[in-house]
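Excluded from the calculations below are hydrogen atoms, water molecules and symmetry mates; all remaining heavy atoms, backbone and side chain alike, are included. Chain naming here is simple, since letters A, B, ... match the order of the sequence lines and numbering starts at 1 in each.
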Number of protein chains: 2
Amino acid sequence: MPSDTKTALLDVAEHAARARGFDGFSYADLADAVGIRKASIHYHFPTKADLSAALMDRYHAALEGECRKIEASHDTGSKRLRALIQLYRDALNDGKTLCLCVSLISSRESLSEEVIEKIKAFRTMMVQRISAVFELGQKDNTISGVTDPPSEARATLALLEGAHLTARAEENTITFDEAVAVLKSRC
Amino acid sequence: MPSDTKTALLDVAEHAARARGFDGFSYADLADAVGIRKASIHYHFPTKADLSAALMDRYHAALEGECRKIEASHDTGSKRLRALIQLYRDALNDGKTLCLCVSLISSRESLSEEVIEKIKAFRTMMVQRISAVFELGQKDNTISGVTDPPSEARATLALLEGAHLTARAEENTITFDEAVAVLKSRC
DNA sequence: GTCTATATCTTGATAGAC
DNA sequence: GTCTATCAAGATATAGAC
């Protein structure tokens with residue numbers, strides 16, 4: 001089992017990155033929150049690039065797991081799409097945190113190449129999962145107006161992430177709900 | 001006429017903010033780019049909060065002007081919506097810069113209250129303008145499937161901003177085009 | 001694994017000369 | 001309006017003791 005400290009650091013770092021962006025949090029912040037000195041963090045994550053890579057790895061795995069859970073517990077396209085929207089809604093934390101890959105990409109030039117690749121891989125994975133949902137919704141006729149599932153998937157991911165930003169501006173969930181209302185009305 | 005230096009600073013700062021985020025650029029960067037010392041910048045913009053407020057003011061006015069131009073030169077809902085999509089597409093700069101309010105909001109906790117209010121005001125303005133486009137498109141029957149223009153407007157703004165993020169990740173325009181393809185197919 | 005101590009650099013901002 | 005000089009605070013990162 002990896003040390004609890006490492007997990008605690010990842011937890012705190014993920015929240016910090018999603019709330020304040022990559023350039024908006026420091027090792028000092030993490031040290032304060034976890035209760036160790038900032039030099040000690042370098043034992044677990046030598047550089048901030050290492051930390052953010054670990055962050056993206058964990059986030060990718062977690063979201064992929066959530067998608068799998070949704071597929072396992074919902075049998076129609078519309079139910080899966082609704083669950084996916086709810087997943088992003090929950091990730092908002094009342095407008096206080098963005099999706100990790102959204103908050104990171106705004107600081108693109110501060111990121112390592114490795115992290116940028118991980119962000120791209122994450123997005124590819126999500127588009128594939130969402131595309132499968134639309135494909136099912138087209139077949140079982142539970143999502144209206146689907147002509148091209150991959151296009152719908154790319155639009156949906158953009159919409160969900162954009163709705164996150166909208167809600168972050170107002171720091172509430174209402175704005176998110178308003179932005180996804182049209183999509184929801186289709187399923 | 002305000003000094004050329006002030007305009008040059010705003011130009012450079014806007015590009016920097018949109019490319020690297022609020023926490024990702026410094027007075028030193030601007031000084032280098034404009035060719036003066038960083039202390040001199042404080043004469044024009046005493047604090048970074050003042051600078052970002054000026055940035056938002058100018059951005060708000062510029063985008064509102066672009067919207068008015070679109071309304072003046074296109075007479076149908078579908079034409080106006082297409083022009084609006086093109087406006088955001090151009091703002092991408094081949095995936096190198098985001099919309100200013102997107103890049104700022106990711107660093108929400110670093111912003112002054114004043115700037116946050118300006119971001120909200122900008123979004124309200126854009127939603128109203130886009131809503132009017134959908135209303136026209138509904139009346140003149142050039143945009144398909146419109147039931148509630150304000151909802152469509154909020155979804156469209158979220159989609160356009162989300163598509164910006166998508167394209168920023170890949171640093172190209174293709175991803176933007178893919179994300180807005182479904183919307184485009186409606187007009 | 002965590003600590004103290006330190007190095008080095010960058011940050012936004014101010015004072016005061018020209 | 002722009003400069004030099006300077007500041008205090010913060011950043012990431014390293015060395016070496018415990």
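Salt bridge status for A:Glu117 with A:Lys120: present, with a side-chain N to carboxylate O gap under 4.0 Å. Salt bridge absent: A:Glu71 and A:Arg68 never bring a charged side-chain N and a carboxylate O closer than 4.0 Å. The pair B:Arg58-B:Glu14 meets the salt-bridge criterion, with a side-chain N (NZ, NE, NH1 or NH2) lying under 4.0 Å from an Asp/Glu carboxylate O. Under 4.0 Å is where a charged nitrogen must lie from a carboxylate oxygen, and between A:Glu171 and B:Arg108 at least one such pair does.
Dashed line: the shortest gap from a side-chain N or O of A:Ser40 to OP1 or OP2 of C:dG1 is not under 4.0 Å. Put simply, A:His44 has a side-chain N or O that comes within less than 4.0 Å of OP1 or OP2 on C:dT2.
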Inset, instruction - Show the numbers, then the answer: is there a side-chain contact (heavy atoms from CB on, under 4.5 Å) between A:Leu10 and A:Leu55? - result: CA-CA 6 Å; A:Leu10 285 171; A:Leu55 236 35; 3.5 Å; yes
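The interatomic distance linking B:Ile36 (CD1) with D:dG1 (P) rounds to 11 Å, in whole Å. Here the P atom of nucleotide C:dT2 and the CG atom of A:Asp4 are 10 Å apart, to the nearest Å. In this structure, A:Leu30 atom CG and D:dG10 atom P are separated by 16 Å, rounded to whole Å. Summarising the geometry, the separation between CZ on A:Arg37 and C1' on D:dA15 is reported as 17 Å, rounded to the nearest angstrom. Nucleotide D:dT14 holds its P atom 14 Å from the CD1 atom of A:Ile41, rounded to whole Å. Note: CG (B:Leu9) to P (D:dT2) measures 8 Å, nearest angstrom.
Using modelled atom types, one finds a donor on one side chain and an acceptor on the other under 3.5 Å when comparing A:Arg123 with B:Thr166.
We find the CD1-OG1 distance between A:Ile36 and A:Thr5 to be 6.0 Å, quoted to the nearest 0.5 Å. Separation of atoms OG1 (B:Thr47) and CD1 (B:Ile41) is listed at 12.5 Å; rounding is to 0.5 Å.
Side-chain proximity of A:Ala39 to D:dT12, C:dT14, D:dA15: nearest is D:dA15. Closest to the A:Thr5 side chain, of the nucleotides C:dT2, C:dT4, D:dC3, is C:dT2. Ranking C:dA5, D:dT2, C:dG1 by closeness to the B:Tyr43 side chain, first place goes to D:dT2.
Each end of the helix from C:dG1-D:dC18 to C:dC18-D:dG1 yields a helix axis from five base pairs, and these two axes differ in direction by 10° (to the nearest 10 degrees).
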For nucleotides 7-11 of chain C, which of its nitrogen or oxygen atoms have a protein nitrogen or oxygen under 3.5 Å away, and what is each distance?
| unit_1 | atom_1 | unit_2 | atom_2 | d |
| --- | --- | --- | --- | --- |
| C:dT11 | OP1 | B:Ser26 | OG | 2.9 |

Taking N or O atoms only and anything under 3.5 Å, show me the protein contacts with nucleotides 16-18 of chain D, one pair per line.
none

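Taking the six-membered ring wherever Trp is involved, the centroid distance between the rings of A:Phe25 and A:His15 does not fall below 6.0 Å.
Using cut-offs of 30° and 60° on the angle between ring planes, the pair A:Phe122 and A:His60 is perpendicular.
The main-chain N or O of A:Phe176 is never found under 3.5 Å from a side-chain atom of A:Arg89 such that the two would form a donor-acceptor pair.
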